[in-house]
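Accompanying notes for the structure given below.
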Amino acid sequence: MGARDAQADAPAEHDSVDALVEATHDSPAPSRRRHRLAAVIASALGGLALAGGGIAAGIVHLSANERFDAAADELDESVERAAAADDALSATLTAVHAEIDLAGKISQAATPALVGQAADETLETMVTAASGSVDAAATLLARAEPKHDPAKPLWPWELHDEASVLESRADQTDASTRLVETTEDALADASADLGEAVSDLYASVAPAAAGLEEASVSAEADVVLDFREAAGAASAQSEIADAALIALQDYARQAEALRASGEAEAAEKAGPLYERRLEVEAFARSIAGGVVLDFDWAPVVAGVGGANALGGTAEWDPDRGGTATLTFSDSVAQWWPDEVAQAVVAHEVGHAISAKCVGMYDQTRRSTREEWATAWAISMGHTSYGNGTQAYGPPRQEIVDLAATCR
């Protein structure tokens with residue numbers, strides 16, 4: 001019984017082992033672990049996918065933000081450049097507008113009779129042209145620039161859309177700025193043209209003044225000198241300035257005074273001897289060395305006149321470069337251009353020219369004054385007795401030589 005029992009127990013032990021092996025082989029635990037691992041991996045991959053999508057979305061949003069910010073900054077800079085250009089144009093416009101106004105007044109003051117006609121016409125043309133440039137600039141500055149200052153969008157596609165608008169606005173602003181700068185250049189050119197035109201106008205004063213003086217050749221000496229000073233001041237101008245306008249206005253007034261004086265003096269000389277008197281006066285001026293001469297005429301001068309005698313006197317003043325008043329008897333014009341009459345005129349001019357040769361001889365005594373005038377006439381080649389030798393005797397040779405140095 002013991003052996004059977006032992007044998008009987010053995011299979012039972014074997015069965016238990018087989019059962020354990022079978023049980024171990026058939027257990028579901030490894031499958032569940034695999035499912036859990038797969039789930040973990042899937043979850044991890046899903047998380048990575050979500051993370052990758054988030055990163056991509058962040059990059060897109062960042063790029064959109066950067067583009068918007070760059071466009072906004074560029075627009076701000078464009079607006080600043082535009083404002084600076086407008087300020088510069090406004091300043092230039094103000095200056096050129098003032099120049100045009102003053103140049104127009106200068107043109108009005110400088111009539112064609114006072115300046116060169118071509119120069120006056122050119123200035124008028126430049127004033128008109130510059131006025132057109134000013135009007136164009138004023139219109140441009142009055143333009144209404146569109147404003148665009150939006151709130152920053154949130155979504156990337158909105159940021160890109162708004163950035164496109166800002167970029168386009170910056171391009172438009174820059175184009176407007178270039179137009180403003182071009183307009184300012186045109187204004188600067190108009191200003192330069194105006195400056196050149198007034199400069200040419202001032203330069204034309206001197207020849208025009210010479211013509212006016214010649215047309216009023218009989219005007220009084222002081223009036224002539226006043227006119228010359230005014231003409232000199234006008235011709236010395238170089239800019240569009242109030243001083244230039246004042247100088248031209250004074251020049252115009254003195255020109256009118258010259259004309260009136262010339263007409264009045266010419267009326268005094270009117271009569272049968274008028275042309276001869278003008279010839280005598282022209283001869284005297286031609287040898288007077290720049291001393292400005294006044295002339296008076298009378299039938300008898302210094303007790304001398306008539307058909308057979310020639311009379312003349314002279315009074316001179318060294319101020320203002322020298323002036324003198326010569327008075328001749330009508331007989332000097334009647335005899336003209338006889339050499340005796342010419343000698344008489346030369347003698348009196350010898351007195352007159354003392355105004356610019358002060359200190360060369362003793363002017364306090366009549367005898368030395370007459371010797372000088374006679375010597376001066378001789379030094380000019382007038383040897384006829386009308387030179388003063390008949391009335392005062394021949395002068396010393398050293399006085400003749402000295403007088404020859406006074407011209």
Side-chain angles (χ1 to χ4, degrees), residues 31-101 127-195:
S31 178
R32 286 196 298 271
R33 285 196 296 269
R34 284 194 296 270
H35 285 309
R36 284 196 297 271
L37 178 61
V40 170
I41 292 172
S43 176
L45 290 175
L48 288 173
L50 288 174
I55 292 172
I59 292 173
V60 170
H61 198 270
L62 178 61
S63 175
N65 268 281
E66 288 177 344
R67 182 186 174 193
F68 178 90
D69 291 342
D73 289 344
E74 177 57 30
L75 178 57
D76 287 343
E77 293 173 3
S78 297
V79 171
E80 289 178 3
R81 290 193 293 270
D86 280 5
D87 289 344
L89 177 59
S90 180
T92 301
L93 175 61
T94 299
V96 175
H97 191 276
E99 286 181 341
I100 291 172
D101 181 63
V127 168
T128 300
S131 296
S133 296
V134 162
D135 291 343
T139 299
L140 184 58
L141 286 174
R143 73 195 185 285
E145 288 286 1
K147 303 297 183 182
H148 193 83
D149 188 19
K152 189 173 184 179
L154 176 62
W155 299 108
W157 56 88
E158 293 177 334
L159 287 168
H160 281 297
D161 289 344
E162 194 59 45
S164 295
V165 174
L166 296 179
E167 289 164 353
S168 177
R169 181 72 189 97
D171 289 341
Q172 294 172 6
T173 303
D174 286 340
S176 178
T177 298
R178 288 191 292 271
L179 179 58
V180 168
E181 291 171 344
T182 299
T183 302
E184 186 184 5
D185 289 342
L187 272 181
D189 290 342
S191 176
D193 290 341
L194 273 179

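- For the 3.5 Å distance criterion, the side chains of Ser63 and Arg67 fail to qualify, holding no donor opposite an acceptor.
- The structure places CG of Asp101 at 11.0 Å from CD of Glu99, a figure rounded to the nearest 0.5 Å.
- For the residue pair Ala163 and Phe68, the shortest heavy atom distance occurs at CB-CA, 3.9 Å.
- The minimum heavy-atom distance between Ser90 and Leu141, with the atom names listed, is CA-CD1, 3.8 Å.
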Open item on the list: side-chain contact (heavy atoms from CB on, under 4.5 Å), that's the test. Do Val96 and Ser133 meet it? Break it down for me.
Closed with: CA-CA 9 Å; Val96 175; Ser133 296; over 6 Å; no
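- In terms of heavy atoms, Ala71 sits closest to Leu166 at CB-CB, 3.7 Å.
- For the pair Thr177 and Ala85, the tightest heavy-atom approach, listed with the atom from each and the gap, is CG2-CB, 3.8 Å.
- Taking 4.0 Å as the cut-off between side-chain N and carboxylate O, Glu162 and Lys152 do not count as a salt-bridged pair.
- Expressed to the nearest 0.5 Å, how far CH2 of Trp155 lies from CG of Asp161 amounts to 14.5 Å.
- Surrounding NE2 of His97 are at most 12 heavy atoms belonging to other residues, nucleotides or ligands under 6.0 Å away.
- To the nearest 0.5 Å, the span separating CG on Leu140 from CG on Asp86 amounts to 7.0 Å.
- To the nearest 0.5 Å, atom CG of residue Leu187 and atom CG of residue Leu194 are 10.5 Å apart.
- Closest approach of Asp174 and Ser78 over heavy atoms only: OD1-OG, 3.2 Å.
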Task: Criterion side-chain contact (heavy atoms from CB on, under 4.5 Å) on Val79 and Glu74, from CA distance to verdict - done: CA-CA 9 Å; Val79 171; Glu74 177 57 30; over 6 Å; no
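- A donor-acceptor pair under 3.5 Å links the side-chain atoms of Thr139 to the main chain of Asp135, judged by distance alone.
- In this model, a donor atom of one side chain and an acceptor atom of the other lie less than 3.5 Å apart for Ser176 and Arg143.
- Pairing each heavy atom of Ala137 with each of Leu89, the nearest pair is CB-CD1, 4.0 Å.
- Between the CD atom in Glu80 and the OG1 atom in Thr173 there is a gap of 12.0 Å [rounded to 0.5 Å].
- Summarising the geometry, atom CG belonging to Leu179 is positioned 12.0 Å from atom CD belonging to Glu184; distances are rounded to the nearest 0.5 Å.
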